[in-house]
Structure formats: C-alpha cells, structure tokens
Amino acid sequence: MPELPEVETVRRGIESRVVGRRISHVEVGRERSVRRVGKEAVIHGLLGATLVSARRRGKYILCDLDTGEQLMIHLRMSGRVLVEKAGTKRPPHTHVVLTLAERDGVIEEMWFVDPRTFGEVVVFDPAHTAEVLPELARLGVDPIVDEFNADVLARALRGRRGALKPLLLNQHVVAGIGNIYADEILHLAGLRWNRTVDSLSRKKINELATHISEVLTQAIEAGGSTLQDTQYVDIEGNVGSFQENHRVYGREGQGCITCGKVSIRRVIVAGRSTSYCPRCQK
DNA sequence: AACTGTCCCTGCAAGC
DNA sequence: TGCTTGCAGGGACAGT
C-alpha cells in the first residue's frame with residue numbers, strides 16, 4: 001500500500017515524465033475519483049495547463065500548474081499513476097486520463113488507476129487550500145522533506161498519550177508513515193507497539209528518529225514495497241523491492257531476523273494488523 | 001483536544 | 001467447482 005516511500009517514488013516519476021508537459025486532453029471516467037471538487041473543476045483546471053513541479057508532503061503529491069492552480073493526487077489504498085503511449089490498452093479502473101501534448105512525435109498519457117476508489121485527484125486554487133484540503137495544514141513533520149532529527153521527533157511526540165504505533169500512524173504527528181513502515185521502524189528500534197511516549201528515554205527517542213529516517217530512505221532507494229497483491233508499481237509499471245528487506249511485516253510465524261529465537265507475532269492494534277517480535281521489542 | 005471505532009471500496013484467498 | 005466470507009488499509013468522521 002502506498003506510504004511515503006511509494007508516494008515519493010511516484011512523485012519522482014511524475015517529475016521526470018510529466019513535469020514540463022502540456023495537458024492537451026482530460027478524461028474523467030469515474031466521478032468518485034474527483035469527488036472533492038467535481039469533474040468540471042478537474043477537466044477545466046487541467047486542460048491546456050502545464051505541470052511545473054511535483055512536490056510531496058506525507059502521502060500527498062502536489063503539483064504546481066502554470067495556470068497558478070495546483071493538482072493534488074492521493075493514492076490512498078490502491079491508487080496508481082502510470083505513463084504510457086496513447087493508444088496503449090488501459091487497465092481496468094483507469095478513472096482519470098491526462099493526454100500529454102505531442103513531443104518528439106510521441107503522444108503519451110498519464111493514467112490515474114484505482115480499483116478501490118479511495119484515492120483522489122483534486123485541482124484547486126492554492127488561495128483556497130484551507131477550504132479544499134484542510135488536512136494539509138494539519139499534517140505533521142515529513143521526515144524526508146522537512147528537517148528531521150531527535151529534537152523534532154521529541155517535539156512532535158510531546159504531550160501525546162496512548163500507544164506508540166497509533167502515534168506513528170497519525171499523520172498529524174509524523175506525516176507519511178503507514179502500517180508497513182510503522183512495524184518495520186518499531187522492530188528496528190526494539191520498541192513494542194504498545195509503548196507509551198512517557199516511557200521512552202531520550203536515548204530511545206534518538207534511536208527511533210534515526211530508524212524512521214533510515215527505513216524511509218532505504219525504502220525510497222528500493223523503489224518502495226510491492227506486496228503479494230502487486231497493487232503498487234511506479235510510474236513505469238515496475239515493482240519495488242523493499243519487501244525483500246521487511247523484518248516483521250507479513251512475516252507472522254516466521255523466525256525473527258534479529259534474535260533468531262522466536263517467531264514474529266501478529267495482533268490487531270487500532271484496527272490494523274501489527275507484526276512484532278515479542279523478544280526483541282519491549 | 002485527542003483518543004477509538006466505523007465506514008468507504010474492490011480484489012483476492014481461504015473455507016465450506 | 002463455485003459460492004460466501006473475511007481481510008487488506010488511509011483518512012474522514014462520529015462518538016467518547
């Protein structure tokens with residue numbers, strides 16, 4: 001499922017393949033994908049526009065357009081962005097198609113594909129960001145885009161109650177971590193999902209900050225994680241490889257890579273499947 | 001204010 | 001074999 005590393009990989013793909021291209025045609029096949037502002041705003045806002053940048057904040061991709069408006073793409077659970085030559089057979093659930101004006105004799109299309117339709121494509125005036133995308137202002141620190149270290153993490157966690165894993169999943173605390181990377185980070189940090197913030201020594205916070213940066217950076221380098229359902233692929237259709245480095249996620253019942261002594265256990269925390277080593281994570 | 005549980009949706013795998 | 005059921009989960013929202 002797309003979390004920060006997968007979204008960053010898609011962002012880089014958009015940056016290299018779509019930024020600088022003028023949009024000559026727009027198709028919206030399923031209105032649910034554009035539910036926030038509606039079909040007309042998306043078509044009218046994108047037609048004739050050129051993407052001038054592709055940024056990311058948490059799991060949100062934000063592109064500036066030369067018209068002054070912005071394009072936001074959120075993949076949620078099953079969203080994919082693909083670029084293919086015009087005329088290529090589109091996969092099922094291709095809900096938004098942007099035709100990119102001819103270049104070097106080739107016409108390409110950017111597809112937004114999303115079987116489960118949780119994802120979104122939004123076009124909006126940045127002057128109205130607070131009304132259209134109020135959640136953007138509430139996003140916490142992005143460990144890759146923003147300056148991120150133990151002090152920043154300590155500040156983000158200050159005053160927070162409850163278990164550590166739900167806090168890592170809370171986009172208002174740290175933006176971009178989802179279920180897979182939360183489990184991977186906690187295993188590397190030797191911390192169990194139910195630890196509370198006030199039980200963490202300064203040394204543990206330092207380690208946690210280091211592991212957040214490390215795991216996300218390494219996962220970006222690996223092109224993200226593609227699970228068995230192979231939902232996630234990058235803009236060229238390639239799978240990621242970080243799943244080969246997963247230490248706990250999806251390894252229930254298998255031996256812990258760190259201690260080799262006990263099996264990875266799985267419980268449900270905050271409605272999410274959670275894998276951990278009962279020996280290495282305290 | 002900040003926490004937890006429910007819902008949205010489809011594809012896939014397990015079980016009868 | 002072919003159906004039903006459960007599971008996957010990001011984030012908004014309602015309820016506490």
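What you see is a predicted model, and the numbers here were worked out from it, not measured in a lab. In what follows, chains carry the letters A, B, and so on, assigned in the order in which the sequence lines appear, proteins first and then strands, with residues in each chain numbered from 1.
For the pair A:Arg56 CZ and C:dG10 C1', the computed distance is 15 Å after rounding to whole Å. Rounded to whole Å, the distance from CD on A:Glu252 to P on B:dA14 is 13 Å. If you take CZ of A:Arg80 and P of C:dG9, they are 18 Å apart, rounded to a whole angstrom. For the pair A:Arg272 CZ and C:dA8 P, the computed distance is 10 Å after rounding to whole Å. The distance from atom CG of A:Asp114 to atom P of B:dC8 is 17 Å, rounded to the nearest whole Å. In this structure, CG of A:Leu75 is placed 18 Å from P of B:dT10, rounded to the nearest angstrom. Look at CG on A:Asn170: it is 10 Å from C1' on C:dG11, rounded to the nearest Å. A:Met77 places its CE atom 13 Å from the C1' atom of B:dC7, with the value rounded to the nearest Å.
Around the NE2 atom of A:His44, the shell of radius 6.0 Å holds no more than 12 heavy atoms that belong to other residues, nucleotides or ligands. The neighbour count for A:Arg192 CZ, taken as heavy atoms of other residues, nucleotides or ligands under 6.0 Å away, is above 12.
In this structure, A:Asn179 contributes its side chain and A:Ser273 its backbone to a donor-acceptor pair below 3.5 Å.
Between A:Asp151 and A:Arg202, at least one side-chain N (NZ, or NE/NH1/NH2) sits under 4.0 Å from a carboxylate O, which counts as a salt bridge.
Looking at which nucleotide of DNA chain B each of A:Ala163 and A:Arg30 is closest to, the 5′-most match is held by A:Ala163. Where A:Phe118 and A:His93 meet DNA chain B, the nucleotide closest to each residue was compared, and A:Phe118 sits on the side nearer the 5' end.
The phosphate of B:dC3 (OP1 or OP2) has a side-chain N or O of A:Arg160 nearer than 4.0 angstrom. The side chain of A:His172 contributes no N or O atom lying less than 4.0 Å from OP1 or OP2 of C:dG11. Under 4.0 angstrom from either OP1 or OP2 of C:dG9 there lies at least one side-chain N or O belonging to A:Tyr249.
For A:Arg35 and C:dG11, a side-chain-to-base donor-acceptor distance below 3.5 Å is absent, hydrogens and geometry of angles not being considered. One N or O donor and one acceptor, one from the side chain of A:Arg116 and one from the base of C:dA8, sit under 3.5 Å apart.
Between B:dG11, C:dA8, C:dA12, one nucleotide has an atom nearer to the side chain of A:Pro115 than all others, and that is B:dG11. Looking at the side chain of A:Asn179, the nearest of the listed nucleotides C:dG11, B:dG11, C:dG9 is C:dG9. The side chain of A:Glu3 has C:dG10 as its nearest neighbour among C:dG10, C:dA8, B:dC8. Of the candidate nucleotides C:dG10, B:dG11, B:dC3, C:dG10 has the atom nearest to the side chain of A:Lys59. Checked against C:dA12, C:dG9, B:dC3, the side chain of A:Glu135 finds its nearest nucleotide in C:dA12.
Residue contacts shown for A:Arg158 are absent, as no nucleic acid heavy atom lies under 4.0 Å away. When heavy atoms are screened at a 4.0 angstrom cut-off, A:Ser273 is found touching the sugar-phosphate backbone but no base atom.
When A:Arg272, A:Arg265, A:Lys165, A:Arg251 are each tested for a salt bridge (charged side-chain N to carboxylate O under 4.0 Å, His left out) with A:Asp183, only one passes: A:Lys165.
Aromatic rings of A:Phe112 and A:His95 (six-membered ring for Trp) have centroids beyond the 6.0 Å cut-off, not under it.
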